[in-house]
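Quick note: residue numbers are just sequence positions, from 1.
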Amino acid sequence: MTLKESEVMNGAKLMLMASQGLHQGGGPILKEAQTRPISRGKETEYKRPDARTEIVMEKDRLQRWKTTGVIALADCNLKAIPNEVWDCGSSARVLDVNNNSIQDVPNKISCLNSIQKLFLDGNGISDEAIRWEGLASLKYLTVLSFTRNQLMNLPSALGSLTSLRQLHVANNKLTSLPNEIGMLTRLEVLKANNNRITTVPECIGECSSLIEVDLSANLLSELPDTLGNLHNLKALHLSNNGLKSLPCTLFKHCLQLATLDLHNTEITMDVLRQFEGWEEFDERRRSKHQKQLDFRVVSSAQFDEGADKN
């Protein structure tokens, strides 16, 4: 709607915001806006942009990408990453090509040598589509997201991304995590839920910066004892797995853990009470969720994160 239709009063202050800093102007034009200008009497009559204007805007987007460092190409029906993206070189900080049909992540991606965030969600990408030699050279990459693709394996080259802080590989077909994941000592968030992972490597304990781990909806029957080495861990999501117990050191050593999701596992309250450090964990959990408990008809002593009572 127009400002007049939204009844914004004269003198009001407006703030223009780009959602998550990714959706900035000058990107591909998908359709014309369905708004119409307000008639201003004697002022020059408004004219809609013609095709030539749109072409100019397309040419201008490369300069805009270089200026902002943000390449926003989500939901553009792309089958490949446009060649002009590579022209951004070291100017690029963020590349978002979510929800397209991109089937090739070429070695050329190495030319974006200052990129910090790479979003490739929802493209149907398979293992063969990624040239990891180029991807692994991105030494400043902090966020890598491959959610909702067709990945079956993560290669050892993943360990080269030592600046990585967030790794999102949920909703793929992964059966395992590479041992080299232990080299990601700055990793804070690991989301690998909704895969087919049967085992977690012991080297996960070397990811000393991990704060949140989501391994829910996999095929796990046990977890390595080294999980207790994650002293900064605050949230652990394990629902919908075949787990019957947890590493014995989890509550004893993970002294910041306050969220533990065990829905649809075989772990019971009787099992949890036997672990050293359970009482301290339960106190942290109840303290964290106290506000929510105040608004629910739930006893503050009840563990409602998935463990059976009996």
Heavy-atom side-chain proximity of N113 to S90 below 4.5 angstrom: yes
Treating Ile, Leu, Val, Met, Phe, Trp and Tyr as nodes and any side-chain heavy-atom pair under 4.5 angstrom as an edge, say whether I211 and L190 lie in one connected cluster. no
Give a yes or no on whether the backbone of T147 and the side-chain of N171 come within a donor-acceptor separation of less than 3.5 Å. no
Residue pairs fulfilling salt bridge (charged side-chain N to carboxylate O under 4.0 Å, His left out) with at least one residue in residues 159-177, sequence neighbours excluded: R165-E188
Please find the pair of heavy atoms, one from N218 and one from A192, that lie closest to each other, and give the distance. ND2-O, 3.1 Å
Is there a chain of hydrophobic side chains (I, L, V, M, F, W, Y, each step under 4.5 Å between heavy atoms) that links V200 to I267? yes
Any salt bridge between D282 and R286, counting N to O under 4.0 Å? yes
Kindly list each side-chain donor-acceptor pair under 3.5 angstrom involving residues 131-140, sequence neighbours excluded, with atom names and distances?
{"residue": "R131", "atom": "NH1", "partner": "E128", "partner atom": "O", "Å": "2.7"}
{"residue": "S137", "atom": "OG", "partner": "G134", "partner atom": "O", "Å": "2.6"}

Non-hydrogen side-chain atoms of V70 and W65 separated by less than 4.5 Å: no
So do the side chains of L246 and L223 get within less than 4.5 Å of each other, counting heavy atoms only? yes
For the backbone of E283 and the side chain of S287, can you confirm whether one donor and one acceptor N or O come within less than 3.5 Å of each other? no
Output the distance between atom CG (N98) and atom SG (C76), rounded to the nearest 0.5 Å. 10.5 Å
Worked verdict on L250 versus L236 for side chain to side chain contact (heavy atoms under 4.5 Å, CB included): CA-CA 10 Å; L250 185 66; L236 179 59; 4.0 Å; yes
For the side chain of N172 and the backbone of L151, is there at least one donor-acceptor N/O pair under 3.5 Å apart? yes
Residues I181 and P201: closest non-hydrogen pair is CG2-CG, 4.3 Å
Assess the residue pair F281 and W278 against the criterion (ring-ring contact (aromatic ring centres under 6.0 Å, His included)); give the C-alpha distance rounded to whole Å, side-chain angles, the decisive distance to 0.1 Å, and a yes or no. CA-CA 5 Å; F281 160 75; W278 158 256; 5.6 Å; yes
Between N240 (side chain) and N264 (backbone), is there a donor-acceptor pair under 3.5 Å? no
Should the heavy atoms of other residues, nucleotides or ligands under 6.0 Å from CZ of R284 be counted, would the total exceed 12? yes
Nearest-0.5 Å distance that lies between atom OG1 in T265 and atom CG in L243: 6.0 Å
Can you tell me how far apart CD (Q256) and CG (N232) are? Round to the nearest 0.5 Å. 5.5 Å
Between S163 and L141 (side chain of the first, backbone of the second, donor and acceptor by atom type, cut-off under 3.5 Å), is there such a pair? no
Any side-chain heavy-atom pair of D87 and L62 under 4.5 Å: yes
Just checking Q166: does its CD atom have more than 12 heavy atoms from other residues, nucleotides or ligands closer to it than 6.0 angstrom? yes
Looking at V271 and S245, what are the two nearest heavy atoms and their distance? CG1-OG, 4.1 Å
CZ on R186 to CG on L210, rounded to 0.5 Å: 14.0 Å
Using the rule that two of Ile, Leu, Val, Met, Phe, Trp, Tyr join whenever any of their side-chain heavy atoms come within less than 4.5 Å, decide whether M269 and L262 are in one cluster. yes
At their closest point, which heavy atom of F251 faces which heavy atom of L255, and how far apart are they? O-CD2, 4.0 Å
Of L177, L158, L161, the one forming a side chain to side chain contact (heavy atoms under 4.5 Å, CB included) with L167 is L158
Check step by step if side chain to side chain donor-acceptor pair (under 3.5 Å) holds for S216 and D214. CA-CA 6 Å; S216 57; D214 191 345; 2.6 Å; yes
Side chain to side chain contact (heavy atoms under 4.5 Å, CB included) for I71 and C88? Distances and angles first, verdict last. CA-CA 9 Å; I71 305 172; C88 291; 3.8 Å; yes
To the closest 0.5 Å, what do you measure between OG (S176) and CG (L154)? 8.0 Å
Does any pair with a residue in residues 100-112 pass side-chain hydrogen bond (donor to acceptor under 3.5 Å, both in side chains), and if so which ones, sequence neighbours excluded? none
Does T226 reach the side chain of E202, with side-chain heavy atoms less than 4.5 Å apart? yes
Closer than 3.5 angstrom, by distance alone: can the side chain of D225 be matched with the main-chain N or O of P247 as a donor-acceptor pair? no
Whether the side chain of S209 engages the backbone of T185 through a donor-acceptor N/O pair (distance < 3.5 Å, no angle test) should be reported. yes
Given side chains that start at C-beta, do those of W86 and I109 come closer than 4.5 Å, heavy atoms only? yes
Do NZ/NE/NH1/NH2 and the carboxylate oxygens of E279 and R273 come within less than 4.0 Å? no
What are the two closest non-hydrogen atoms of G122 and N149, and how far apart are they? N-ND2, 3.9 Å
With distance as the sole criterion, is a donor-acceptor pair present between the side chains of S145 and D121 under 3.5 Å? yes
Got a second to check how far N195's CG is from L215's CG, nearest 0.5 Å? 9.5 Å
Are the side chains of H253 and H231 in touch, meaning some heavy atoms are under 4.5 Å apart? yes
Start with the C-alpha distance between I197 and T175, add both sets of side-chain angles, then the distance that settles side chain to side chain contact (heavy atoms under 4.5 Å, CB included), and finish with yes or no. CA-CA 4 Å; I197 298 173; T175 58; over 6 Å; no
Path from L73 to F146 over hydrophobic side-chain contacts below 4.5 Å: yes
Worked check of salt bridge (Lys or Arg N to Asp or Glu O under 4.0 Å) between E280 and K252: CA-CA 9 Å; E280 291 80 2; K252 180 181 179 181; over 6 Å; no
Under a 4.5 Å side-chain heavy-atom rule over Ile, Leu, Val, Met, Phe, Trp and Tyr, are F275 and L233 clustered together? yes
What one should report as the nearest heavy-atom pair of I204 and L227 is CG2-CD1, 4.0 Å
Using the side chain to side chain contact (heavy atoms under 4.5 Å, CB included) rule, take N194 and R148 through it: C-alpha gap first, then chi angles, then the decisive distance, then the call. CA-CA 9 Å; N194 293 91; R148 292 181 286 110; over 6 Å; no
Indicate yes or no: at least one non-hydrogen side-chain atom of K191 is less than 4.5 angstrom from one of H237. no
